[in-house]
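Okay, so here's the structure we're looking at.
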Amino acid sequence: MAKVWKYLRRHWMLYAMLIPGLAYIIIFKYIPMYGLSIAFKDYEGIGDIANAQWVGWENFTKLFSKAAFIRSFKNTVIISFAKILFGFPAPIILALFIDSLRKKGLKKLVQTSVILPNFISWVVIYGLMYAILGPSSGVISEILTFFGFEGKIPDLLSSKEYFREVIVGSYIWKSAGIGTIVYLAALTGIDPQLYEAAAIDGAGPWRKTWHISLAGLRTTIIVMLIFRVGEMMHAGFDHIYAISNNAVISVADIIDTYIYRVGLEQGNFSLATAAGFIQSIIGLVMVLITNYVAKKVDPDSGIM
Amino acid sequence: MRKKKTPGQIVSELLKLIIALLLTIVCLYPFWHVIMYSFSDSKEAMSGGLFVLPKGFSLESWKMLLKTKQVFIAFGNSIAKTVVGTLISVVISILTAYPLSLPYVKGRKFLQGMIFFTMLFSGGTIPTYILLKDLHMLDTFWAYVIPSAMNVYNMFILRNFFQAIPDSLSESAMLDGANHVQILTRIVLPLSKAALATQVMFYGVNRWNSYMDGVLYVNDSKLQLLQVYLRQIINSIGGKQGIGASAGDLSGASAITEESIKMTVIAMSVIPVLIVYLSLQKYFVKGTMVGSVKG
């Protein structure tokens, strides 16, 4: 006991420092987890959660009988999957490219430029897309016309056929640059002697990239991928809400926008929370699975 | 003496140069476009196409915009949210990351695990909304700041940075009788300038850009965020969910097109970000620590 007392007297300040952060985590992260219980209750948004009637899985069966939810679920999976498939390798390739630039000034110019879009909100990016891709006065249509493509320019921003391409494209434009930072930092950590040794052995630039750069990035890639997969069920409220409109809702409605509509606009708290619960559980399971697989492949990798 | 380049190398370097310049243009041109458009004459700009320079220089749309009250209200709210929110976030992150960076702190593993878990599982939108309602935080300024007070990922990045600082410095200060607060403020923080600049930037940008909280938690137009206001204006054409105050109110009966107003609003929201980014970017790459966020 005296030992504990002595330890606390010496280090109490450190524990005092932790108070705001821990209070935040408990109040704003753990209490909402308790709030998930309304997914199993009949709660209309009035009164205490604890007093609401338990209804078991009723909200979930109701949810899965709703076509709009099924649609948002499908859209979430499709959009997220496309974002990972095309968006995840993008910063890795970009980082390898930037790393391969030998001229300092050029390297800096590219790096500074590609990071910039990350600092712009989706609302503004939608505005930029409207300016560039818009069917009547957009730059793209102008350029296509210049090269002899007349007429047939689709309205990319309000057509269902191209919506997913637009989502993935704008996602890469915004996030690939900032994503390179982690990889570029990891690349600088690779011993230059490895490249020299490989060059002596006659390895060309592609082989060096494959066997040294990518091999050196492996751990970073795996950690980033695990986190990315964990966000699978969040296809990006800020992104979709800014870009979508009624013309594309059938391909654009994701679980996050569904929750917003059903929960906050229609006041159906329990149903929306059930949707959120499914989102969180799937996210957790995905992280655990990817982490497990990563550890099987390489025991040193993974996040836990 | 440099080795002479083979034709293959010259071609590949030229190719790289072209790709590099294309990437730069693709990333920068849209910003240039809207800024030039905003200084263009409304009628001449209607023809669209590339904007290398303004088409028929005019300040009319800026004048019109600057006469609108809601723009300033929304702009002010976003700035307040960004400044106050970033300050709170950085302070809390420092205070949390520092003790967790010290290996001798008892209970560290447990606390880290507890914090880390919130990255993997969350209560989600509605329970958080209910919590804010119970705390009477809805429709207040604090709804922008408190619910996202600390980003766990950022906090762990900062902790990793603190961990990399050699112990010897703080140990000798400890022997000289310094307490933990003094060590943090006089030794650790001055050594962490790059990391702190990065944190300010991470949080600041996120605060400035995110608007989900503005959509979910706040209805009061006096508290409206710039991004929410922009969304109304940008979406107001072609019947795209025009809500309340729209570009129509701005352009009125004058000769300025909605298009010009939109571009000007976008330019106005982009210019401060460009300035801040370009002045801080040198810290950026340096301050980001590599590596995993192992719990």
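Below, all heavy atoms of this structure are taken into account, side chains as well, without hydrogens, waters or symmetry copies. Remember, it's a predicted structure, so these values are computed and weren't measured experimentally. Chain letters run A, B, ... following the sequence lines, proteins first and then strands; every chain starts at 1.
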Geometric class of the Tyr211(B)/Phe237(A) ring pair [parallel <30°, tilted 30-60°, perpendicular >60°]: tilted
Can you tell which part of [X] gets under 4.5 Å to a heavy atom of chain A, answering side chain, backbone, both or neither?
X: Leu102(B); value: side chain
X: Val215(B); value: both
X: Leu28(B); value: side chain
X: Val34(B); value: side chain

Arg261(A) atom CZ, over 12 foreign heavy atoms within 6.0 Å:
yes
Q | Neighbour count >12 (heavy atoms, 6.0 Å) for atom NZ, Lys103(A) | A | no
Examine distances only and state if a side-chain atom of [X] and a backbone atom of [Y] form a donor-acceptor pair shorter than 3.5 Å.
X: Trp173(A); Y: Val26(B); result: yes
X: Tyr24(A); Y: Ile146(B); result: no
X: Arg231(B); Y: Tyr241(A); result: yes
X: Ser280(A); Y: Gly123(B); result: no
X: Asn209(B); Y: Trp122(A); result: no
X: Tyr130(A); Y: Lys262(B); result: no

Minimal heavy-atom distance between Phe121(B) and Met33(A), with the atoms involved, is O-CE, 3.3 Å
Which atoms form the tightest heavy-atom contact between His11(A) and Tyr104(B), and what is the distance?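 Nearest heavy atoms, His11(A) then Tyr104(B): CE1-CE1, 3.4 Å.
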Under 4.5 Å to a heavy atom of chain B? For Ile19(A) that would be neither
If one checks every heavy atom of Met224(A) against chain B at 4.5 Å, the contacting part turns out to be side chain
**Cation over ring face, Lys16(B) and Phe97(A), 6.0 Å, 45°** = no
When rounded to the nearest 0.5 Å, the distance separating CE of Met17(A) from CG of Leu100(B) is 11.5 Å
In terms of heavy-atom pairs under 4.5 Å with chain A, the winner among Ala149(B), Ser269(B), Gly124(B) is Ala149(B)
Which donor-acceptor pairs under 3.5 Å do side chains of residues 268-277 of chain A form with protein atoms, sequence neighbours excluded?
residue: Ser270(A); atom: OG; partner: Ile38(A); partner atom: O; Å: 3.1
residue: Ser270(A); atom: OG; partner: Lys41(A); partner atom: O; Å: 2.8
residue: Ser270(A); atom: OG; partner: Tyr43(A); partner atom: N; Å: 2.9
residue: Ser270(A); atom: OG; partner: Tyr43(A); partner atom: O; Å: 3.4
residue: Thr273(A); atom: OG1; partner: Phe269(A); partner atom: O; Å: 2.7

